[in-house]
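Accompanying notes for the structure given below.
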There are 2 protein chains.
Amino acid sequence: MNHSTETPVFTQTTVSGASAGIVVALSQAIHEHRLVPGTKLGEDELSDIFNVSRTVVRSALQALSHEELVELRRNRGAFVAKPTIREAREVFEARALLEPRTARSAAERMTEPALRTLEAHISAEHDALERAEPGKALRLSGQFHIEISRIADQTTIAGFIERLVARSSLIIALYWKRHSALCEKHAHHALLEAFRRRDGEDAEDLMKSHLVDIVAALDLREVPNSDVSLKAILSR
Amino acid sequence: MNHSTETPVFTQTTVSGASAGIVVALSQAIHEHRLVPGTKLGEDELSDIFNVSRTVVRSALQALSHEELVELRRNRGAFVAKPTIREAREVFEARALLEPRTARSAAERMTEPALRTLEAHISAEHDALERAEPGKALRLSGQFHIEISRIADQTTIAGFIERLVARSSLIIALYWKRHSALCEKHAHHALLEAFRRRDGEDAEDLMKSHLVDIVAALDLREVPNSDVSLKAILSR
DNA sequence: TGCGCAATATATGTATACAATCTATAAGTT
DNA sequence: AACTTATAGATTGTATACATATATTGCGCA
């Protein structure tokens, strides 16, 4: 299996040695929906699992909180982040602003090696789906978007998109409609074709509608606060 | 003096108690160019200055590195970041992508209190210039941009812009042309007028050209590595 | 005199210990 | 029986101590 699709490349070398591994492990688990939003990430628990001191764990959790994958509450602990509906909308508005333009740049600068990388991503995504590993498929589909932004050769914007994709994974975990099928396969294939033709305009349009499709598959209607309703139910 | 222009509002509550103060102090110093790019930020030194343990200092430095204000090198220490020319271009390309659209949104949603906040910012900036405190004026002028993005009511994008403005301060410290005058005053005044009229289109155009003007006042030509030239000079 | 190597000193990386804060359980009161 | 309060347990925040890596300085040698 292609190595580049397995190993998430972290642009930021900001996290020191031992923490880096923990950051990657937790990131993958969150992206694959094995850690669901709201899960408590206790420091002692993690230091036992990874056989390191709490110092290292805390460093990793701080890093993840800066990527907005983890929420730190003072004297309370670390939890997998739970984006609100409002934040969900904002994330996809930001993606709609950044990604179509980025896809255009990527198409215009497309090279043969970059094309092969994207093909490998899609095929890995396809494999994961066939093997009934939807979590892995989801993570790979996010990496497809990140890879495009890297090809566009705008490190700064690529960093933003990486954060948005990460947050999107949490949003999908929370708000995905069960009945709507996840068929990113077609959209990603179509994008790949546009990239092959180095057709920037087409790539931009395809990315725009792809993002619209994703948002359409989310259920972002406001719901009454679950705390209140829970209390109301139990008081009877 | 207006309180809101003095206290930088940090959107991320991710940094725990004692570190937060250090992050703010270092951020301000960097934004005001009192700490220049490349300056070493030793942990012992900082823990002496702020009377806290290295643990707290490290937490603050990690936070600053995630904001890309500080660069951490493993086993080497923390340094005020030194964006390259390439990074400088990317930062302003990203700003050109985000800020004009954001200015339009802000204009369309402008409220009276928001207008007054912006007026206070501009007047504080003006005061700082008259008092010959160019560092402070620069920091306030950056906060003007951040405030606009907050008014636009897009927290996610506002966070990105905050990072870009922070990085711009470092870029200006490194690449500003001495002979070009810093006259953001006019641009900011013109923007304020557009906001008063709630003229989104005009605000978008003004912001676009404002950013072009800033880039034009930078010297982003490639120069030979300063190490090499230093060696060459001293060897004579 | 100039270069290279080694030893020492300084600074960062990690682990552990202690302090402060919060949560949960249980007792007591109305 | 429900609510409040107190106490105990557990978890996080901070400080300190030890381990490890790097930078500098001094010595030896060519």
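Every heavy atom of this structure was used, including side-chain atoms; hydrogens, water molecules and symmetry mates were not. By convention in this document, chain letters (A, B, ...) are assigned in the order of the sequence lines, proteins followed by strands, and residues within each chain are numbered from 1.
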Taking atom [atom2] of [N] as reference, at what distance in whole Å does atom [atom1] of [X] sit?
| X | N | atom1 | atom2 | result |
| --- | --- | --- | --- | --- |
| Arg73(B) | dA21(D) | CZ | C1' | 16 Å |
| Leu46(A) | dT14(C) | CG | P | 16 Å |
| Phe79(B) | dT22(D) | CZ | C1' | 11 Å |
| Lys40(B) | dA11(C) | NZ | P | 7 Å |
| Gln62(B) | dG13(C) | CD | P | 10 Å |
| Arg54(A) | dT16(C) | CZ | P | 12 Å |
| Arg58(A) | dT14(C) | CZ | P | 15 Å |

Check every atom of [options] against the side chain of [X] and return the nucleotide holding the closest atom.
| X | options | result |
| --- | --- | --- |
| Arg76(B) | dA23(D), dT12(C), dG13(D) | dA23(D) |
| Asn75(A) | dT21(C), dA17(C), dT14(C) | dT21(C) |
| Thr55(B) | dT16(D), dT14(C), dA11(C) | dT16(D) |

Closer than 3.5 angstrom, by distance alone: can the side chain of [X] be matched with the main-chain N or O of [Y] as a donor-acceptor pair?
| X | Y | result |
| --- | --- | --- |
| Arg58(B) | Glu43(B) | no |
| Ser169(A) | Val165(A) | no |
| Glu87(A) | Thr84(A) | yes |
| Glu90(B) | Thr155(A) | yes |

Specify the residue among Ser53(A) and Glu43(B) whose closest nucleotide of DNA chain C lies further upstream toward the 5′ end.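 Its nucleotide being nearer the 5' end, the pick is Glu43(B).
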
Of Arg74(A) and Val56(A), whose closest DNA chain C nucleotide lies nearer the 5' terminus?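 Result of the comparison: Val56(A).
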
